Asks: 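Got a structure here, written out as structure tokens. Questions coming.
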Amino acid sequence: MQIVVNGKTLELAEGTTCGEVLKEALSKKQFKNVVVARCEQTLLDLSASLPTGCSELFGVRADSEEGLAVIRHSTSHLMAEAVKKLFPEAKVTIGPSIKDGFYYDFDYERPFTPEDLQAIEAEMLSSVGADKPFIRSEMNIKELVSLFEAQGESYKTEIMQDLGGENFSLYTHGEFTDLCRGPHVERTGKLGAFKLLSVAGAYWRGDEKKKQLQRIYGTAWDSPKALKKYLDRLEEAKKRDHRKLGTQLDIFSTHEEIGGGMILWHPKGALIRAILEDFEKKEHLKRGYDLVQGPLILKRELWEKSGHYDNYRENMYFTEIDEAAYGIKPMNCLSHMLIYKSKIRSYRDLPMRMFEHGIVHRHEKSGVLHGLMRVRSFTQDDAHLICRPDQLQAEIITLIGFVRDIMKLFDFDYVLELSTRPEKSIGSDEDWERATNSLRGALDNLGLDYRVNEGDGAFYGPKIDVHLVDALERGWQCGTIQCDFTLPERFDLVYVGEDGKQHRPVMIHRTILGSIERFLGILIEHYAGAFPAWLAPVQARILTVTDEQKEYAEQVKQRLEASGLRVEADLRNEKLGYKVREAQVEKIPYMLIIGDKEKEAGSVNMRIRQGEDPGLMTVEAAAELINAAVRKPFLDGGMSYSFSTI
RNA sequence: GCCCACGUAGCUCAGCAGGUAGAGCACAUCCUUGGUAAGGAUGAGGUCACCGGUUCAAGUCCGGUCGUGGGCUCCA
């Protein structure tokens, strides 16, 4: 038989293994880097014989995404072997590869300790040293069930039953055998660049009603160098953790006596928020939105009518006023709908776009709270668009463009996800189809990449979510665009059509930043605390060399402020080096140094937070240079913005 | 909510076989007037998260509560 590898055509005997083929076709160096083979979309063990009908074979490199996944999966087997050896009563369940590593869930009587992890790691390394081969075999379900039951491995039976089918593959290395689809590296000696990271509880099958298992997380790479690089990256990410920088830069704090998930914004943090919110309000006004505002608490009957009382009660806080029950809002839509309903609306009034920085309270479970990223009281940049059905798609296209402009301003990487109808949902097929097509059509129309999450929509309609990535490469949902057929129905929203009859409008819930809290958390990490000039709470600080320049420094400060900048003057009796260091640690974008020289020349000496120092210049030149930096991101994004109110 | 770990001065952290607390930075006062990442001296700061228990004695052991962190489930 013939096969093409790397552009070379080889003539082969039947039963040749993939490894043998690749060894023949590739250079020694190339082959050393190969972990498994690939024929079309199928990954194959190197020890597997070449499948019939395979016309072209590829070697999968250890440092490729697919190769790393194989290494990680094999390392999880290695770990399971070590755990079974050290803790024979532990039952194995599943152990997949994940981003940057792998985990394996065990059913064991007690949690593993850090000392256990060390012992497991040592045992794994000894297995690597023994260089045991991974051997694939197949058995039918009956044999397998009795095999695993004899070992007390009850979870494997459940897995096979869920998967369905008659025959399953197994992988054995040394004493350890696991049900597994594969493929794996050839030998344990190919592994070794790994580290066990943490232990955590995890529910069997991700179901909180089922038993909690002990999960061990680890990371694994193709080389010690790559492992070190990853561990260094984790260190770096810790440095820009928004919780750490938030304290360091005096942006926000939390207090045990206030309660979990509640943020106190300090002067600098509150100023950043104000700048951000001001920008957003103006941007919305420019794009045809109306600003509206509603109260924080609304009567309980309203929440009953909307369905929130039935579907969202566990997440809500309630209170009582004059013996009437009130609910603290977890969402802003109700006020907006009542504004719509406050008078008769014509088709000419649509679309109506209502925007509010709405403060909402949600009773999130205590275990999920996380710095600014997950809190119980937060501000949404929330809008509700009410439009005619025929306007839906155009509105969505404009909306996605809006999202794109804003993300560009912050220079953010983001992922768009389209979520479709879930099993538990309401509304007609026709409504769902029209709305889903509008969302999909808008994405396609703009030529954007997106992922589809089948069945992950809200119960009232499909949605597009925007996910941002933080310093630790965790994804966070921020913006969301959700279609809703329920609320217009429940609240009987109507408009008078051209025909003089009443029609039902369509409603879109949407946010762009999502929550101001979360977005700022992500921004702090994104910029490592060094906010761009337009957002920096202090844009420039004047540093005097001695007391002699105090008066002149005050004059310079006034002139810069007159040009619209946020300026501080550090007139303290401290050495210049000390003042520079402080300003640098606070990540102030521009430092203006003033000594006798500058005072006499009527100039300033500019130092910038990173990069080359512009040096000596007139006060006016400094003001213009900083103002240009403030405007630049907007011009780059094709926007304009005036800071008149800040 | 569940599993595990943690909670000592504003911040970062020491402390121990159970015998009533320590450093650096920050802060205050004084000396110093010094050109681009920390000048010096002195001082003030803690009912060791909170509540209860064991003990002659608890920051140190045990239980509970609150909070924080890593995960699970959920989510902006």
Side-chain angles (χ1 to χ4, degrees), chain A residues 103 105 108 110-114 116 197-217 238 241 243-244 247-248 250 253-262 312 314-315 330-332 358 360 362-382 458 465-468 472 474 476-480 482 509-519 521-522 543-550 572-586 591-598 605-609 613 615:
Chain A
Y103 68 79
D105 286 346
Y108 191 53
R110 64 167 178 84
F112 295 107
T113 64
D116 292 338
L197 296 175
S198 61
V199 207
Y203 301 104
W204 169 235
R205 298 264 135 155
D207 184 343
E208 64 183 322
K209 296 196 181 64
K210 294 198 166 137
K211 182 156 187 186
Q212 192 151 35
L213 307 170
Q214 306 303 331
R215 174 171 298 180
I216 302 177
Y217 282 97
K238 269 188 206 155
D241 189 314
R243 294 163 300 194
K244 193 182 160 106
T247 307
Q248 230 168 66
D250 202 12
S253 59
T254 56
H255 298 263
E256 205 171 323
E257 48 271 63
I258 291 181
M262 309 282 183
Y312 207 71
E314 311 76 67
N315 283 301
M331 295 172 192
N332 305 297
V360 296
R362 297 184 185 174
H363 183 194
E364 301 292 347
K365 291 179 181 176
S366 58
V368 307
L369 302 176
H370 179 95
L372 293 177
M373 304 299 202
R374 194 76 183 270
V375 292
R376 285 179 171 155
S377 171
F378 60 100
T379 307
Q380 290 183 305
D381 61 330
D382 205 1
D465 287 327
V466 184
H467 288 258
L468 294 186
L472 287 157
R474 287 175 296 214
W476 291 98
Q477 189 184 326
C478 289
T480 183
Q482 311 184 344
H509 308 252
R510 58 107 271 207
T511 62
I512 292 179
L513 308 181
S515 104
I516 302 294
E517 283 73 10
R518 175 178 293 180
F519 192 75
I522 296 170
L543 311 180
T544 50
V545 178
T546 71
D547 287 347
E548 296 301 308
Q549 302 91 33
K550 272 187 177 175
R572 292 175 303 168
N573 171 16
E574 293 289 353
K575 289 197 166 182
L576 181 59
Y578 181 84
K579 294 185 182 183
V580 167
R581 181 187 143 79
E582 250 185 26
Q584 203 68 48
V585 167
E586 289 176 46
M591 284 156 258
L592 301 171
I593 288 137
I594 291 178
D596 280 335
K597 261 189 302 183
E598 290 78 14
N605 204 321
M606 183 184 285
R607 176 190 166 107
I608 60 178
R609 140 181 93 179
D613 294 338

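From a predicted model like this one, the values you see are computed outputs, not experimental measurements. By convention in this document, chain letters (A, B, ...) are assigned in the order of the sequence lines, proteins followed by strands, and residues within each chain are numbered from 1.
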Asks: For the side chain of Glu256(A), counting heavy atoms from C-beta on, which of rC72(B), rA76(B), rG67(B) is nearest?
Replies: rG67(B)
Asks: With a 4.0 Å cut-off on heavy atoms, is Tyr217(A) in touch with a base, just the backbone sugar-phosphate, or nothing at all?
Replies: sugar-phosphate
Asks: Within the distance-only criterion (no hydrogens, no angle test), does the side chain of Asn332(A) pair as donor or acceptor with the backbone N or O of Asp382(A) below 3.5 angstrom?
Replies: no
Asks: Classify Lys597(A) by what it touches in the nucleic acid, base, sugar-phosphate, or nothing, heavy-atom distance under 4.0 Å.
Replies: base
Asks: Describe the nucleic acid contact of Gly371(A) in one word from base, sugar-phosphate, nothing, applying a heavy-atom distance below 4.0 Å.
Replies: sugar-phosphate
Asks: Can you tell which of rU36(B), rG1(B), rA76(B) lies closest to the side chain of Val368(A)?
Replies: rG1(B)
Asks: Any side-chain N or O of His370(A) under 4.0 Å from OP1/OP2 of rG70(B)?
Replies: yes
Asks: Is there a donor on the side chain of Gln212(A) or the base of rC2(B) sitting less than 3.5 Å from an acceptor on the other?
Replies: yes
Asks: Donor-acceptor check, side chain of Arg362(A) to backbone of Pro330(A), threshold 3.5 angstrom: yes or no?
Replies: yes
Asks: Check every atom of rG70(B), rG35(B), rA76(B) against the side chain of Ala200(A) and return the nucleotide holding the closest atom.
Replies: rG70(B)
Asks: Pick base, sugar-phosphate or nothing for Gly206(A), based on heavy-atom distances below 4.0 Å to the nucleic acid.
Replies: sugar-phosphate
Asks: Side chain of Glu364(A) only, please: which of rA76(B), rC3(B), rU36(B) is the nearest?
Replies: rA76(B)
Asks: Let's see if you can work this out: which of rU36(B), rG71(B), rU73(B) has an atom nearest to the side-chain heavy atoms of Asn605(A)?
Replies: rU36(B)
Asks: Counting only side-chain nitrogens and oxygens, does Arg607(A) get under 4.0 Å of the OP1 or OP2 atom of rA37(B)?
Replies: yes
Asks: For a quick check, tell me whether the side chain of Asp596(A) and the base of rG35(B) share a donor-acceptor pair closer than 3.5 Å.
Replies: no
Asks: If you look at every strand shown and take non-hydrogen atoms under 4.0 Å, does Asn315(A) touch a base, only sugar-phosphate, or nothing?
Replies: nothing
Asks: Determine whether a donor-acceptor pair (one donor, one acceptor, N or O, separation below 3.5 Å) exists between the side chain of Asp207(A) and the base of rU73(B).
Replies: no
Asks: When all nucleic acid strands are considered with a 4.0 Å heavy-atom cut-off, which category describes Gly595(A): base, sugar-phosphate, or nothing?
Replies: base
Asks: With heavy atoms under 4.0 Å as the rule, sort Val360(A) into base, sugar-phosphate or nothing.
Replies: nothing
Asks: Classify the nucleic acid contact of Gly514(A) as base, sugar-phosphate or nothing, counting any heavy atom under 4.0 Å across all strands shown.
Replies: sugar-phosphate
Asks: Any idea which of rU36(B), rG39(B), rC75(B) is nearest the Glu574(A) side chain?
Replies: rG39(B)
Asks: Please work out if Gln584(A) contacts a base, only the sugar-phosphate, or nothing of the nucleic acid, heavy-atom cut-off 4.0 Å.
Replies: base
Asks: Does a salt bridge link Asp547(A) with Arg572(A), judged by any charged N lying under 4.0 Å from a carboxylate O?
Replies: no
Asks: For the side chain of Arg215(A) and the base of rC4(B), is some donor closer than 3.5 Å to an acceptor across the two?
Replies: no
Asks: With respect to the phosphate group of rG1(B), does any side-chain polar atom (N or O) of Ser366(A) fall under 4.0 Å of OP1 or OP2?
Replies: yes
Asks: Can you tell if the side chain of Ile594(A) reaches within under 4.5 Å of the side chain of Leu543(A), non-hydrogen atoms only?
Replies: no
Asks: With a cut-off of less than 4.0 Å, is there a side-chain N or O of Arg243(A) near OP1 or OP2 of rG70(B)?
Replies: yes
Asks: How is Glu598(A) classified with respect to the nucleic acid when contacts are heavy atoms under 4.0 Å: base, sugar-phosphate, or nothing?
Replies: base
Asks: Looking only at side-chain N and O atoms, does Gln549(A) offer a donor or acceptor that is under 3.5 Å from a partner on Asp596(A)?
Replies: yes
Asks: When we call it a touch if two heavy atoms are under 4.0 Å apart, what does Leu543(A) touch: a base, just sugar-phosphate, or nothing?
Replies: nothing
Asks: Ignoring hydrogens and geometry beyond distance, is the side chain of Tyr203(A) in donor-acceptor contact with the base of rC3(B) at under 3.5 Å?
Replies: no
Asks: rG1(B), rG39(B), rG35(B): which one has an atom nearest the side-chain heavy atoms of Lys575(A)?
Replies: rG39(B)
Asks: Taking only the side-chain heavy atoms of Thr247(A) (C-beta and beyond), determine which of rA76(B), rC11(B), rC3(B) contains the nearest atom.
Replies: rC11(B)
Asks: Side chain of Tyr578(A): nearest nucleotide among rA26(B), rA76(B), rC2(B)?
Replies: rA26(B)
Asks: Decide, yes or no, whether a salt bridge links Lys209(A) with Asp207(A) under the criterion of side-chain N to carboxylate O below 4.0 Å.
Replies: no
Asks: The side chain of Asn573(A) lies closest to which of these nucleotides: rG34(B), rA76(B), rU36(B)?
Replies: rG34(B)
